[in-house]
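Presented below is the structure to which this report refers.
Hydrogens, waters and symmetry mates play no part in the numbers below; they use all other heavy atoms, side chains included. Within every chain, numbering begins at 1; the chains are lettered A, B, ... in the order of the sequence lines, protein sequences first and strands thereafter.
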There are 4 protein chains.
Amino acid sequence: MRDQNNKSNVETTPHEPRWRRRKDDRPREIMDAALEMFLERGFAATRLEDIATKASVTKGTLFIYFENKEDLYKSLVRENMKELKAFQEENKFDIHISSQETLLFLTNNWWKSVANSDYGKLPKLIVSEAANFPDITKEYLEEVSRPGRAGIAEIVRRGVESGEFRKVDPALAARVIMAPLFMLLIWRYSVAPFDEDALNEIEYVNTHIKMAIQGLLARPSAA
Amino acid sequence: MRDQNNKSNVETTPHEPRWRRRKDDRPREIMDAALEMFLERGFAATRLEDIATKASVTKGTLFIYFENKEDLYKSLVRENMKELKAFQEENKFDIHISSQETLLFLTNNWWKSVANSDYGKLPKLIVSEAANFPDITKEYLEEVSRPGRAGIAEIVRRGVESGEFRKVDPALAARVIMAPLFMLLIWRYSVAPFDEDALNEIEYVNTHIKMAIQGLLARPSAA
Amino acid sequence: MRDQNNKSNVETTPHEPRWRRRKDDRPREIMDAALEMFLERGFAATRLEDIATKASVTKGTLFIYFENKEDLYKSLVRENMKELKAFQEENKFDIHISSQETLLFLTNNWWKSVANSDYGKLPKLIVSEAANFPDITKEYLEEVSRPGRAGIAEIVRRGVESGEFRKVDPALAARVIMAPLFMLLIWRYSVAPFDEDALNEIEYVNTHIKMAIQGLLARPSAA
Amino acid sequence: MRDQNNKSNVETTPHEPRWRRRKDDRPREIMDAALEMFLERGFAATRLEDIATKASVTKGTLFIYFENKEDLYKSLVRENMKELKAFQEENKFDIHISSQETLLFLTNNWWKSVANSDYGKLPKLIVSEAANFPDITKEYLEEVSRPGRAGIAEIVRRGVESGEFRKVDPALAARVIMAPLFMLLIWRYSVAPFDEDALNEIEYVNTHIKMAIQGLLARPSAA
DNA sequence: GATGAATGAGCTTTCATTCAT
DNA sequence: TATGAATGAAAGCTCATTCAT
């Protein structure tokens, strides 16, 4: 993989160094590699050597930046959670538009900023390792999942209150609205690569959000 | 990596069951215990000793009934898949009732016979181990998932054709309709035990199916 | 080391089993092997594989009987300490004989039962690993060393009191009396194998105890 | 196992010191730090990083002055041995005084110049690492231990010859006389820090040397 | 010279699997 | 059949050593 025969030609060619110092970038690179592997194989089935190889370092380097395998896992999940939380908080909706428009807007944002970033990988990871990392699971539920649901529930509640939506339980409706979106992420990062029936994700999301809005509207258009 | 050694048992009778029967049905007990553990921890993180303890036998006994850990895993998934398939096939809908009634009827059936049996544990397991057991993943997609989706899509197609439903892509709508149900199963067997916000599953399913039907109907009731 | 070619002649010779169950004897055998190695190399420099080989088992077997390397070390030291303590307690001196005879008697006993048993290996081990196992060190000091010193000091005290011995501090004299005996054990298990100048241990002990008694007697014989 | 690679520096000048000097004498500082750590933990259990930290340098610096960990160990032991030898050689006794006075004089000198300097740390180190560094062990025995014993034996021999001492084997008596002194050093640098029963070292040495002289004198005073 | 990030050999530990009992 | 002691391959982790900076 790397240049291994730079012994015999030392004094002739100014050969590439065997490695470089990249103190600032390594942790991120390692966490990125680890996220991919953990997402694909799960925590226990992933060997540190594979993560190291993927991050273009050796096993030992992992231990410079992380205490152990578990610490690496928790660090990368928490790092992604932190960023996702920040995103959620700044992504407040415009309360002047209708509830259905707000849902559309949020779904759109979600698609662009969550579904197609590393944050979108968290659900599959959290779900798969839930019982193995109870603390992480609780943190995710409390800090990411619950606030997210609460936000959607609030929109639904306003829609119901204003008469725009039918009478539904906002908390349940929020869960129902979010389910197909999370299912998409879980699907994508688990069975999708083995599915011969490729899924058009954008059409799926559009179909979902339209159905959901139609399902909520007090006087749905016959469109 | 896995899934490729179907060599050693060629010379035995092809109809010999995967595991030998015993009067007290040890294999089933072992598979039940294994299902619980694999579901909770994942394949790699589950120790055979734990499965054995849960099944009230010892490690060595597992190897009397199953070739190895992988064989145990595949056996239990396939056994459950086989039964689930049988259920799906006999559970054909009555084509004389309306499409929305059919959806209600199927959801009801699903709730009683899938969501609350061991079959309901498959999605979380399959999703978590997808990349580690590609063959199993493909089998599930081909033999369980795809036929299920096709069944729902067909109902939607008829609803659209008859004018009962709006014009939607039946395949996508089918995925959207099924997503919250699968999400429920995955949720239940992963993060739910750690969630302080207990989910009323029946209300969730009802909310979902009502919203979905409202979302599909050409002239939805304003209920 | 063991029979390795029992593959080709399986159906002909009733070959020796590859291993036997020796649940009851293994811990002692492992601890004996470990004591030898730890004594020679020290804790950190001893590889578990070497201990295993010496005990005629494999690495994995060590972990059936001991939690980890440290537990093995502590177990063997404590086991030997326990036996040594028992010996010390039952080996009470006859208070009717003179103090000098008591010292001779005890030294004789020590030579037979401590110096030439595994207990005699403890001092070098304790000394070498003192800072690495503070708890063990304290236990040894409290439970073995201190009572031993106290016993000797008591004899000296009686000798002084009765006028048999000169006026000396019994506690210090006890330490001085014991020092050459412990030094012998430490010497024997450390540098002695590399010394060209072989030490006649019995003569050494005799020379010591005679000098010590002469050194203590109020009116020493001119022998 | 160790001690056998004296190959690489053959072509350099034979008088080149083992370690290069620097104005602020880094090698000495490193060896001092290493001595403390090796003495406390042993060779294998001591991490170079800890030595470096103690010497206020970093790991890499150690390798500027010493080839490797083993070289550092050997260098510091040999350096101390060399100085100790020099001390022993110049510390010849005055043959005009009595043998018992000579013993007192030497013990006094030993207390001031050996027991309370770094040389006094050698015995515990040598004893602990004897089997791991056979060459060092032999050097110590030949160059330090044996000459020391021979010196004491010579004094005893003269005492016996002159009638001042009883008839004893000078070599054995020498060992017996030295044992409590070495035991003191070993005790001090191993278990003493964990002993609740603090030892008054000076009283111990005085008690010892008085007892030893009384034990040797042909007509001991009844003091 | 000095640093400390990076390496990789080697050790401890785990656990699926075997097999004596 | 059933057990669980014993095995040994493989994984996590440590740390002496190297070398880019």
Side-chain angles (χ1 to χ4, degrees), chain A residues 2 16-26 44-52 55-72, chain B residues 20 22-24 26 44-52 56-72, chain C residues 2 16-26 44-52 55-72, chain D residues 20 22-24 26 44-52 56-72:
Chain A
R2 272 122 170 273
E16 275 290 289
R18 285 222 291 260
W19 45 266
R20 292 179 182 287
R21 296 196 157 197
R22 317 212 31 252
K23 187 188 188 350
D24 294 340
D25 298 333
R26 292 282 191 222
T46 297
R47 295 178 318 138
L48 288 179
E49 181 130 39
D50 294 338
I51 293 172
S56 304
V57 294
T58 57
K59 268 183 305 175
T61 303
L62 304 185
F63 291 88
I64 296 172
Y65 298 100
F66 302 93
E67 278 189 19
N68 50 41
K69 191 181 179 184
E70 196 170 319
D71 177 45
L72 168 55
Chain B
R20 282 160 263 164
R22 248 181 104 263
K23 56 186 182 308
D24 54 354
R26 276 278 156 79
T46 297
R47 292 162 62 242
L48 285 181
E49 181 132 38
D50 294 339
I51 293 173
S56 305
V57 294
T58 55
K59 265 183 308 174
T61 305
L62 304 185
F63 289 86
I64 295 170
Y65 298 101
F66 302 91
E67 276 186 22
N68 50 40
K69 190 181 180 183
E70 196 171 320
D71 177 47
L72 168 56
Chain C
R2 271 120 171 274
E16 277 288 290
R18 285 220 291 261
W19 46 265
R20 294 180 180 287
R21 297 196 155 196
R22 317 212 34 251
K23 185 188 188 352
D24 294 340
D25 298 333
R26 291 282 190 225
T46 297
R47 294 177 318 136
L48 288 181
E49 181 129 39
D50 294 338
I51 294 173
S56 303
V57 294
T58 56
K59 268 181 305 174
T61 303
L62 304 186
F63 291 87
I64 296 172
Y65 298 100
F66 303 93
E67 277 188 21
N68 50 41
K69 191 181 179 184
E70 195 170 318
D71 178 45
L72 169 55
Chain D
R20 282 159 263 163
R22 248 181 102 261
K23 55 183 183 312
D24 52 356
R26 274 279 156 79
T46 298
R47 291 161 63 241
L48 286 181
E49 181 132 39
D50 294 338
I51 293 173
S56 304
V57 295
T58 55
K59 264 183 310 173
T61 305
L62 304 186
F63 289 86
I64 296 169
Y65 297 100
F66 302 92
E67 275 187 23
N68 51 39
K69 190 182 179 182
E70 196 171 319
D71 178 46
L72 168 56

Does [X] put a side-chain nitrogen or oxygen below 4.0 Å from OP1 or OP2 of [N]?
{"X": "C/T61", "N": "F/dA5", "answer": "no"}
{"X": "C/R18", "N": "E/dC19", "answer": "yes"}
{"X": "C/R26", "N": "F/dA6", "answer": "yes"}
{"X": "C/R20", "N": "F/dA6", "answer": "no"}
{"X": "C/Y65", "N": "F/dA6", "answer": "yes"}
{"X": "C/T58", "N": "F/dT7", "answer": "yes"}

Original post:
Any idea which heavy atoms bring B/K69 and B/L48 closest together, and the distance?
Top reply: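 Scanning both residues, the minimum pair turns out to be CG-CD2, 3.7 Å.
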
Subject >> First encountered from the 5' end of DNA chain E, between A/K23 and C/T46 >> reply: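 Per heavy-atom nearest nucleotide, the more 5' residue is A/K23.
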
What nucleotide among [options] has an atom nearest to a side-chain atom of [X]?
{"X": "A/F63", "options": "E/dA6, F/dT17, F/dC13", "answer": "F/dC13"}
{"X": "B/K69", "options": "E/dT17, E/dT14, E/dA5", "answer": "E/dT17"}
{"X": "D/R47", "options": "F/dT3, F/dC15, E/dG1", "answer": "F/dC15"}

Subject >> Nearest-Å distance for atom pair CG/P, residues B/N68 and F/dA9 >> reply: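 Distance, rounded to whole Å: 17 Å.
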
Original post:
Can you find a donor-acceptor pair, distance only, under 3.5 Å between A/R21 side chain and E/dG4 base?
Top reply: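 Result: at least one qualifying N/O pair found.
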
Original post:
Between the base of E/dT17 and the side chain of B/K59, is there any donor-acceptor pair under 3.5 Å?
Top reply: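 Yes, the side chain and the base share a sub-3.5 Å donor-acceptor pair.
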
